[in-house]
Amino acid sequence: MTAKLDPDASVDEGQPLIQHLIELRSRLLKSVAAIFLIFISLFYFANKIYDYVAAPLVELLPEGNMIATNITSTFLTPFKLTLFVSVFVAMPYVLWQIWNFIAPALYQREKRLAMPLFISSVILFYAGVAFAYYVIFPLIFLFFTTTAPSSVTVMPDIASHLTLVIKLFFAFGLAFEIPVATVMLIAAGVISPQKLANKRPYVIVGCFVIGMLLTPPDIISQALLAIPMWILFETGIFFGRLVVRNPKAAESEEQAS
């Protein structure tokens, strides 16, 4: 006796996956469209944006300007920076699209926790970039411009300057996400706040190693990244303890929902 095959069964099983993929594509297209619209709006001001970002270094240069060793750098460097700024400005909207995609699969307690984490991650990333621009850049550039031999005129290339700037922006922006990552690990039950606190000596050493890898090779910039990372780690432990303070109440909420 042969079993009948239901042609609609495979379609019904595959339909949810297809719907998820369609929704994911829609969210990605909306994010890309937002970045593109911001980029089009800002591209006219590309040179002014670059002048603003380069100001902490230009103010310290003897000649008061930088150079372009590649003829295409005068166009491509402000172009790349404007694209980076567009992603930077659109980040809240991009994260909102990510949130709307994953929110239906979360429990009520997870939603309550995820929304503050998303908002905090955006604010902390912006805070890290602002810290890099207003605190780190003047100190680093002052160090490098004053340590040059007297026979050398410091005239950095705009492309190499942009590479360093974006690297530091990402380094400090991601470093400021440490409290969010710490709270997520604690909330997921991967590790307890006490165990994290016990690993503090290793974390401090790791912060300085990361500072050495992500910043220019001088002790000042390494310390200026490592010390905030350590402070942010302690902040994450503090808020992680608040998250797990009443786990039984959280479990009862989850079961009720």
Side-chain angles (χ1 to χ4, degrees), residues 35 38-91 123-178 204-232:
I35 294 171
I38 295 172
F39 175 78
I40 294 299
S41 303
L42 294 178
F43 185 69
Y44 178 78
F45 308 99
N47 289 338
K48 291 184 178 180
I49 293 172
Y50 186 85
D51 289 339
Y52 178 79
V53 173
L57 175 59
V58 172
E59 292 172 357
L60 299 170
L61 296 176
E63 301 295 328
N65 53 36
M66 291 190 287
I67 60 171
T69 56
N70 192 327
I71 193 169
T72 60
S73 296
T74 55
F75 173 78
L76 290 180
T77 302
F79 179 92
K80 292 176 183 177
L81 179 60
T82 306
L83 182 59
F84 171 78
V85 172
S86 302
V87 176
F88 179 75
V89 173
M91 191 56 65
I123 294 173
L124 286 171
F125 185 81
Y126 285 169
V129 172
F131 181 78
Y133 181 81
Y134 291 106
V135 178
I136 303 302
F137 286 1
L139 293 174
I140 290 179
F141 295 146
L142 178 63
F143 173 79
F144 284 118
T145 54
T146 55
T147 54
S150 57
S151 59
V152 175
T153 302
V154 180
M155 297 183 69
D157 176 62
I158 60 173
S160 60
H161 167 260
L162 178 63
T163 301
L164 175 63
V165 162
I166 292 180
K167 181 181 178 182
L168 290 176
F169 276 153
F170 272 114
F172 281 89
L174 294 177
F176 271 60
E177 299 292 332
I178 289 176
I204 294 174
V205 173
C207 289
F208 277 91
V209 171
I210 293 172
M212 177 184 66
L213 295 174
L214 295 181
T215 60
D218 65 281
I219 190 62
I220 297 175
S221 56
Q222 291 171 15
L224 287 172
L225 177 59
I227 293 173
M229 287 175 65
W230 172 49
I231 295 172
L232 291 165

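What you see below is based on every heavy atom in this structure, not just the backbone, and it leaves out hydrogens, waters and symmetry mates.
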| Checking side chain to side chain contact (heavy atoms under 4.5 Å, CB included) for the pair L168/I140: CA distance, chi angles, key distance, verdict? | CA-CA 11 Å; L168 290 176; I140 290 179; 4.0 Å; yes
| field | Interatomic spacing from CG in L42 to CG in L81 - rounded to 0.5 Å | value | 10.0 Å
| How long is the span from the CD atom in E59 to the CZ atom in F141, to the nearest 0.5 Å? | 11.0 Å
| query | Can you find a pair of side-chain heavy atoms, one from V53 and one from V85, that are under 4.5 Å apart? | reply | no
| field | CG-CZ distance between L60 and F137, expressed to the nearest 0.5 angstrom | value | 12.5 Å
| task | Kindly assign one of parallel, tilted or perpendicular to the pair Y133 and Y52, based on the angle between their ring planes and the thresholds 30° and 60°. | result | parallel
| message | For the CE atom of M229 and the CD1 atom of I178, what is their distance to the nearest 0.5 Å? | response | 4.0 Å
| note | When rounded to the nearest 0.5 Å, the distance separating CG of L57 from CE of M66 is 5.5 Å
| said: As a quick check of understanding, evaluate side chain to side chain contact (heavy atoms under 4.5 Å, CB included) for I158 and L162, giving each step before the final call. | reply: CA-CA 6 Å; I158 60 173; L162 178 63; over 6 Å; no
| query | Would N65 and M155 count as a side chain to side chain contact (heavy atoms under 4.5 Å, CB included) if you check the C-alpha gap in whole Å, the side-chain angles of each, and the deciding distance to 0.1 Å? | reply | CA-CA 7 Å; N65 53 36; M155 297 183 69; 3.9 Å; yes
| field | Rounded distance [0.5 Å steps], CZ in F170 versus CZ in F88 | value | 10.0 Å
| field | is_close_aromatic(F176, F172), centroid dist under 6.0 Å | value | no
